[in-house]
Structure formats: structure tokens, C-alpha cells
Amino acid sequence: MAPESSFGAKCAAEFVGTFILMFSVGCNVLSGNSVWGSTSCACALMVSIYGLGNISGANFNPAVSLALALSKAMKGPGLDLSDFVPYAVMQIAGAVVAALAYKVMFHN
């Protein structure tokens with residue numbers, strides 16, 4: 001088993017994974033190409049989970065992070081409640097940066 005990643009690496013992984021997912025979703029929506037849209041989003045999510053899952057757990061969604069924090073608070077498996085806020089902040093930041101990136105790309 002690999003050594004545990006630092007908290008900074010976990011937050012960076014959440015940022016990058018959320019960015020990749022939201023960037024692919026946004027580009028598909030704005031391009032209007034519905035034929036391969038769901039496939040490309042699924043592939044982006046799969047690559048992100050395989051690449052970053054061992055670092056942060058690959059939540060990539062504040063709702064998922066909240067559910068895992070609540071699960072841990074009820075003595076189940078999940079994410080420590082103290083880790084929820086930084087994870088959620090990084091996930092939201094990744095989504096905002098992705099939105100700005102595809103806004104710049106598709107700006108007329």
C-alpha cells in the first residue's frame with residue numbers, strides 16, 4: 001500500500017479532478033455536440049478517478065464530500081468533518097476555474 005498523501009496533495013487532486021470533469025461537461029454543452037457528450041464526460045471522470053482516486057478518494061463534488069463527512073460523523077466510513085470544508089472549497093474553485101476556461105474558449 002502506498003503511503004498516505006499530504007493534505008495539500010489531496011486538495012490539489014480534488015481541484016484538478018473537478019476541473020477536468022466540469023471542463024468536459026461545459027465544453028460538451030457549449031459545443032452542442034450531443035453525440036459523444038456523455039461518452040467524453042464519462043471518460044474524463046474515469047480517467048480522473050483512476051489517476052487521482054488513490055490520492056484524495058476522488059469525490060469531485062461537494063455533495064459527495066458532504067455525504068461522506070456525514071457518514072463519518074455517524075461513525076461510518078467516510079471523510080473527516082474537518083476535511084470537508086477544504087475539499088468543498090477546492091472542488092468549487094476547480095469548477096469555477098473550469099467555467100472561466102471554457103468561457104474563454106467559446107467566447108465569440
Side-chain angles (χ1 to χ4, degrees):
M1 183 176 220
E4 184 158 345
S5 301
S6 70
F7 190 68
K10 291 178 181 183
C11 287
E14 288 297 316
F15 178 91
V16 170
T18 304
F19 174 88
I20 292 169
L21 177 61
M22 296 313 300
F23 186 74
S24 67
V25 169
C27 286
N28 280 299
V29 168
L30 292 177
S31 71
N33 183 1
S34 62
V35 176
W36 290 101
S38 59
T39 303
S40 67
C41 292
C43 289
L45 182 59
M46 181 191 69
V47 167
S48 296
I49 290 171
Y50 277 112
L52 303 169
N54 288 338
I55 298 171
S56 69
N59 301 342
F60 306 145
N61 184 333
V64 173
S65 296
L66 177 61
L68 290 170
L70 293 174
S71 173
K72 183 80 168 197
M74 294 186 290
K75 309 288 189 256
L79 182 67
D80 288 330
L81 201 54
S82 63
D83 294 344
F84 163 68
V85 172
Y87 266 46
V89 167
M90 295 308 288
Q91 292 161 349
I92 292 168
V96 168
V97 171
L100 293 172
Y102 61 70
K103 169 77 171 139
V104 168
M105 261 180 66
F106 285 93
H107 182 69
N108 292 334

[X] [atom1] to [Y] [atom2] distance, which is reported to the nearest 0.5 Å:
X: Asn59; Y: Lys10; atom1: CG; atom2: NZ; result: 10.5 Å
X: Gln91; Y: Leu21; atom1: CD; atom2: CG; result: 10.5 Å
X: Leu45; Y: Tyr50; atom1: CG; atom2: OH; result: 11.0 Å
X: Cys11; Y: Ile55; atom1: SG; atom2: CD1; result: 12.0 Å
X: Leu79; Y: Leu70; atom1: CG; atom2: CG; result: 10.0 Å
X: Trp36; Y: Cys41; atom1: CH2; atom2: SG; result: 13.0 Å

I need the minimum non-hydrogen distance between [X] and [Y], along with the two atoms involved.
X: Ala58; Y: Gly53; value: CB-CA, 3.7 Å
X: Asn61; Y: Ala63; value: OD1-N, 2.9 Å
X: Ala69; Y: Leu81; value: CB-CD1, 3.6 Å
X: Phe23; Y: Ala101; value: CE1-CB, 3.8 Å

- Item | Within 6.0 Å of CG in Asp80, more than 12 heavy atoms from elsewhere |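 Yes, because the 6.0 Å sphere around CG of Asp80 holds more than 12 heavy atoms from other groups.
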- Is there side-chain contact between Ile20 and Phe60, with at least one heavy-atom pair below 4.5 Å?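 Sidechains of Phe60 and Ile20: no contact.
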- Quick one: does Val97's side chain get under 4.5 Å of Phe15's, heavy atoms only?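 In short, these two side chains touch, coming nearer than 4.5 Å.
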Would you say [Y] ends up clustered with [X] if hydrophobic residues are merged whenever their side chains have heavy atoms under 4.5 Å apart, either directly or through other cluster members?
X: Val25; Y: Val16; result: yes
X: Met90; Y: Val64; result: no
X: Leu30; Y: Val96; result: no

- Item | Polar side-chain atom of Thr18 near backbone of Glu14 as donor-acceptor pair, under 3.5 Å | yes
- Ring centre gap for Phe106 and Tyr102 strictly below 6.0 Å: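 Ring centres of Tyr102 and Phe106 not closer than 6.0 Å.
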- Query: Is there a side chain to side chain contact (heavy atoms under 4.5 Å, CB included) between Asp83 and Phe7 once you walk through the steps?
  - Reply: CA-CA 9 Å; Asp83 294 344; Phe7 190 68; 3.4 Å; yes
